[in-house]
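Here, residue 1 is the first one in the sequence, and each next residue gets the next number. All values derive from a computational prediction rather than experimental measurement.
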Amino acid sequence: MTKHEPRTADELLDAVGPAFGKLRRSSLLEVEHPVSQKDLSRTLVLNIVLEAEQAEQAESGGSGEQAESGGSGEQAGPDGGREVTVGAVAEYLGVDPSVASRMVSDSISAGYLVRAASQRDGRRTVLHLSAGGRELMARFRRHQRAAFEHVTADWSERERLDFARLMLKYVDSQNGLRPRPAPGRGTAR
């Protein structure tokens with residue numbers, strides 16, 4: 001396969017979509033701390049729970065203002081805390097609730113997630129990372145970092161940091177475009 005460098009701005013922008021389709025391959029590189037294909041899939045769910053837990057910790061140490069619902073698969077509670085439900089996982093991943101339920105059940109069976117009663121509404125079941133889930137996510141983060149460093153080994157530090165900043169900006173912009181729940185739907189998650 002020959003490598004064709006885009007010559008025009010349009011060619012460059014047209015090449016971005018196919019390039020994103022190839023990114024997942026880098027997560028499967030044989031680098032230090034490999035992650036199994038099954039655990040790689042589980043990290044999709046675990047990351048939603050991890051980010052919600054981190055946001056809740058940041059908010060509990062912060063101003064105490066209420067958080068908005070949506071964006072990271074969590075439910076904003078009356079005190080601004082965040083709770084993740086199976087429905088929120090389905091909504092965030094854009095999958096059918098039955099698919100999300102199977103994904104969550106698999107992560108629970110593997111010992112990475114635990115179900116608990118909501119502290120805000122005892123009728124709801126929420127998800128939390130187990131100690132094993134936290135360890136898997138730490139190992140996955142190390143794997144991602146190693147894969148990034150392997151792929152960009154011949155890049156300058158400036159190029160690595162510029163790419164990292166722009167990738168994070170892109171993801172933030174994409175998350176900002178996620179559909180928000182209709183009024184009254186926020187509690188159904």
Side-chain angles (χ1 to χ4, degrees), residues 20-21 23-24 27-28 35-145 167-189:
F20 276 126
L23 278 179
R24 190 161 167 92
S27 63
L28 300 175
V35 176
S36 73
Q37 182 68 42
K38 186 70 172 170
D39 282 347
L40 187 63
S41 295
R42 289 174 177 141
T43 61
L44 294 171
V45 173
L46 300 181
N47 192 58
I48 295 168
V49 178
L50 177 63
E51 287 183 1
E53 289 180 356
Q54 289 172 337
E56 185 171 20
Q57 288 173 351
E59 289 169 359
S60 67
S63 66
E65 292 178 24
Q66 280 199 338
E68 287 186 52
S69 175
S72 295
E74 65 272 350
Q75 171 70 42
D79 64 352
R82 296 170 186 245
E83 295 185 331
V84 180
T85 64
V86 173
V89 169
E91 186 175 320
Y92 186 81
L93 293 177
V95 298
D96 188 75
S98 64
V99 171
S101 180
R102 285 191 298 275
M103 293 173 79
V104 166
S105 292
D106 176 65
S107 292
I108 290 169
S109 295
Y112 298 136
L113 281 179
V114 293
R115 292 183 201 257
S118 167
Q119 297 301 304
R120 293 171 192 91
D121 181 350
R123 298 168 293 180
R124 293 177 34 161
T125 301
V126 296
L127 305 169
H128 296 285
L129 286 179
S130 66
R134 290 186 194 295
E135 173 51 36
L136 175 63
M137 291 307 294
R139 188 165 49 96
F140 183 60
R141 295 289 189 251
R142 290 189 302 269
H143 175 78
Q144 288 175 314
R145 175 73 180 261
M167 177 61 95
L168 292 173
K169 182 178 180 178
Y170 179 88
V171 170
D172 285 345
S173 294
Q174 182 180 7
N175 282 338
L177 297 174
R178 285 191 183 278
R180 301 290 185 225
R185 281 199 52 215
T187 58
R189 292 201 225 173

Gap between atom CZ of Arg142 and atom CE of Met137 - 0.5 Å precision: 11.5 Å
Minimum-distance pair of heavy atoms, taken over all atoms of Ala117 and Gly122: CB-O, 4.3 Å
Tyr92 OH to Asn175 CG distance, which is reported to the nearest 0.5 Å: 4.5 Å
Full working for side-chain contact (heavy atoms from CB on, under 4.5 Å) between Tyr112 and Asp39: CA-CA 10 Å; Tyr112 298 136; Asp39 282 347; 3.2 Å; yes
Passing option when Val86 is tested against Arg115, Glu91, Met103 for side-chain contact (heavy atoms from CB on, under 4.5 Å): Arg115
Distance (rounded to the nearest 0.5 Å) between Leu93 CG and Asn47 CG: 9.5 Å
N/O donor-acceptor pair under 3.5 Å between Glu53 side chain and Leu129 backbone: yes
Value rounded to 0.5 Å, distance of CZ in Phe140 from CG in Leu40: 5.0 Å
Atom CZ of Arg141: over 12 foreign heavy atoms under 6.0 Å: yes
Residues in salt bridge (Lys or Arg N to Asp or Glu O under 4.0 Å) contact with Asp106, at least two apart in sequence or another chain: Lys38, Arg42
Heavy atoms of other groups near Glu135 CD, more than 12 under 6.0 Å: yes
Whether Ser101 side chain and Pro97 backbone form a donor-acceptor pair below 3.5 Å: no
Pairwise distance CG(Leu136) to OG(Ser107) - rounded to 0.5 angstrom: 8.5 Å
Point-to-point distance, once rounded to the nearest 0.5 Å, from NZ of Lys169 to CE of Met167: 14.0 Å
Verdict with supporting geometry, Ile48 and Val84, side-chain contact (heavy atoms from CB on, under 4.5 Å): CA-CA 8 Å; Ile48 295 168; Val84 180; 4.1 Å; yes
Minimum heavy-atom distance between Ser130 and Leu113, given as atom pair plus value: OG-N, 4.0 Å
Val49 versus Leu127, closest heavy-atom pair with distance: CG1-O, 3.7 Å
Intermediate values then yes/no, side-chain contact (heavy atoms from CB on, under 4.5 Å), Arg134 and Leu50: CA-CA 8 Å; Arg134 290 186 194 295; Leu50 177 63; 4.2 Å; yes
